[in-house]
Number of protein chains: 2
Amino acid sequence: MIGIDTLLAWGATYKKVTAGETIFSERQQCIFYHQLAGGSVRWVDINDEGKEFIHDFIQPGECFGEFPLFDDSPYASSAIANENSVVIRLHKSSFLQLLKEEPEIHFEFDKMLTQRLRFKFLLLKELACADSEHRISILIDYFKQSKKNICPKCNQIKLTRQQIADMTGLRVETVIRSMRHLHEKGEIKILKGKVYCKAI
Amino acid sequence: MIGIDTLLAWGATYKKVTAGETIFSERQQCIFYHQLAGGSVRWVDINDEGKEFIHDFIQPGECFGEFPLFDDSPYASSAIANENSVVIRLHKSSFLQLLKEEPEIHFEFDKMLTQRLRFKFLLLKELACADSEHRISILIDYFKQSKKNICPKCNQIKLTRQQIADMTGLRVETVIRSMRHLHEKGEIKILKGKVYCKAI
DNA sequence: TACACCATATGACAATAATCATAGCGCAGG
DNA sequence: CCTGCGCTATGATTATTGTCATATGGTGTA
């Protein structure tokens with residue numbers, strides 16, 4: 001999101017996190033702006049029954065956990081490292097000052113917030129109204145568009161059925177069956193269990 | 001959101017819309033910042049089968065259709081007047097200039113975007129994971145918190161079962177049955193078909 | 001007051017997804 | 001090259017919600 005040089009100039013520091021480590025969690029107070037420098041982070045909610053709902057996967061360059069920077073409430077969900085990762089952190093007050101002095105970056109930030117809202121709007125409508133196959137298609141389309149979790153060379157979708165289930169609210173078995181059906185309809189391709197989407 | 005005086009000083013104008021009128025619709029290009037001055041507007045998506053999914057009800061003072069102001073894409077959904085209403089409109093370019101010159105308002109705006117994202121995050125998790133009763137409870141809680149569509153004196157929920165269905169992706173019959181059950185469990189009160197929630 | 005219209009209500013049945021159990025496959029590590 | 005673990009796969013059964021048909025009730029209007 002924000003250039004690394006800019007962040008460092010404003011006093012940001014690097015922090016290493018190990019696979020499975022929780023970077024921040026629900027209801028916790030917020031002190032830092034977070035941006036991923038390397039690795040992979042997932043953005044999750046744990047519901048009352050202990051089931052994970054995955055909101056998104058964060059890629060290097062993207063920021064995460066930005067809600068409390070603006071509305072002073074605690075975090076709404078948790079961020080967990082999928083693998084060993086590196087995070088750049090900037091103190092909340094410095095971050096807000098940065099936005100104030102750099103309106104261009106501020107507007108870029110709004111653009112990012114807006115795009116996240118757009119995606120949530122779309123997904124919400126689909127999750128609420130559509131059947132399981134449709135839900136999965138929509139999610140794959142999103143990953144295709146955002147070039148997330150898809151191998152740029154071979155179009156392989158680098159997500160397990162379980163992860164897709166955790167993003168759509170479906171069960172693994174339902175995801176497996178629906179994806180088989182999508183394969184039969186020719187919308188995706190399954191080879192030795194691996195899923196490939198059509199060329200972009 | 002933004003003070004009416006400020007908007008008018010920047011060249012905003014009033015526009016009357018009649019009940020049922022579409023203020024803007026999906027895929028349309030965006031020229032104005034919109035803020036509701038009076039009446040009520042619903043924010044909807046029409047899916048492929050012609051079914052409405054209601055994202056939110058806009059109250060006087062709230063803005064709507066703000067996505068395209070930041071990312072230059074067309075509207076993601078439509079805005080339809082529920083009743084005769086009055087909208088204040090400001091040209092996109094003036095609006096962006098206003099934000100640039102008034103960082104306080106800009107941060108207020110981010111706060112609002114953030115709160116909308118928070119609500120979407122919450123609802124998405126619940127719609128994806130929870131059963132019909134839980135979905136309805138969550139929605140009622142949201143209205144209670146935001147003081148929307150609830151009579152401040154008698155706690156009556158001023159939404160039809162159909163509207164609740166259109167916000168949760170359920171069917172009217174399911175909403176009716178689930179709400180009866182919530183009534184039996186004592187979580188809400190139904191008197192002569194009207195729904196009342198517990199005191200806030 | 002009577003009528004019409006719209007929202008609420010309810011039952012019977014069908015469709016879809018969840019649950020549970022169990023099997024098979026593929027890849028990493030010894 | 002074998003072993004084990006985690007992911008994928010599939011069948012049988014249950015539970016939930018959708019669908020359709022039809023009835024009741026409340027509110028505003030002629």
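FYI, side chains are in, hydrogens and waters are out, and symmetry mates aren't considered; it's all heavy atoms of this structure. Reminder, nothing fancy here: chain letters follow the sequence lines and each chain counts from 1.
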Rounding to a whole Å, what distance do you find between [X]:[atom1] and [N]:[atom2]?
X	N	atom1	atom2	result
His181(A)	dT16(C)	NE2	P	11 Å
Ile190(B)	dG26(D)	CD1	P	14 Å
Arg180(B)	dT24(D)	CZ	C1'	12 Å
Arg171(B)	dA17(C)	CZ	C1'	15 Å
His134(B)	dA15(D)	NE2	P	21 Å
Glu173(A)	dT13(D)	CD	C1'	13 Å
Arg135(A)	dA17(C)	CZ	P	8 Å
Ile176(B)	dT10(C)	CD1	P	9 Å

Verify the contact: side-chain N or O of [X] to OP1 or OP2 of [N], cut-off strictly under 4.0 Å; return yes or no.
X	N	value
Thr160(B)	dA7(C)	no
Thr174(B)	dT17(D)	no
Lys194(A)	dC27(C)	yes
Arg161(A)	dT8(D)	yes

*Looking only at heavy atoms, which two atoms of Met167(A) and His55(A) are closest? And how far apart?*
CE-O, 3.5 Å

_I'd like to know if the side chain of Gln97(B) pairs up with that of Ser94(B) as donor and acceptor (distance under 3.5 Å, no hydrogens or angles considered)._
no

*How about Ser78(A) and Thr22(A): does a side-chain donor come under 3.5 Å of a side-chain acceptor?*
no

*What class does the angle between the rings of Phe70(A) and Phe95(A) fall in, given that below 30° is parallel, 30 to 60° is tilted and above 60° is perpendicular?*
perpendicular

*Is the Phe32(A) ring parallel, tilted or perpendicular to the His91(A) ring (thresholds 30°, 60°)?*
tilted

_Which is more 5' along DNA chain C, the nucleotide nearest Val172(B) or the one nearest Gly193(A)? Just name the residue._
Val172(B)

_Candidates dG11(D), dA17(C), dT8(D) - which lies nearest the side chain of Arg177(A)_ = dG11(D)

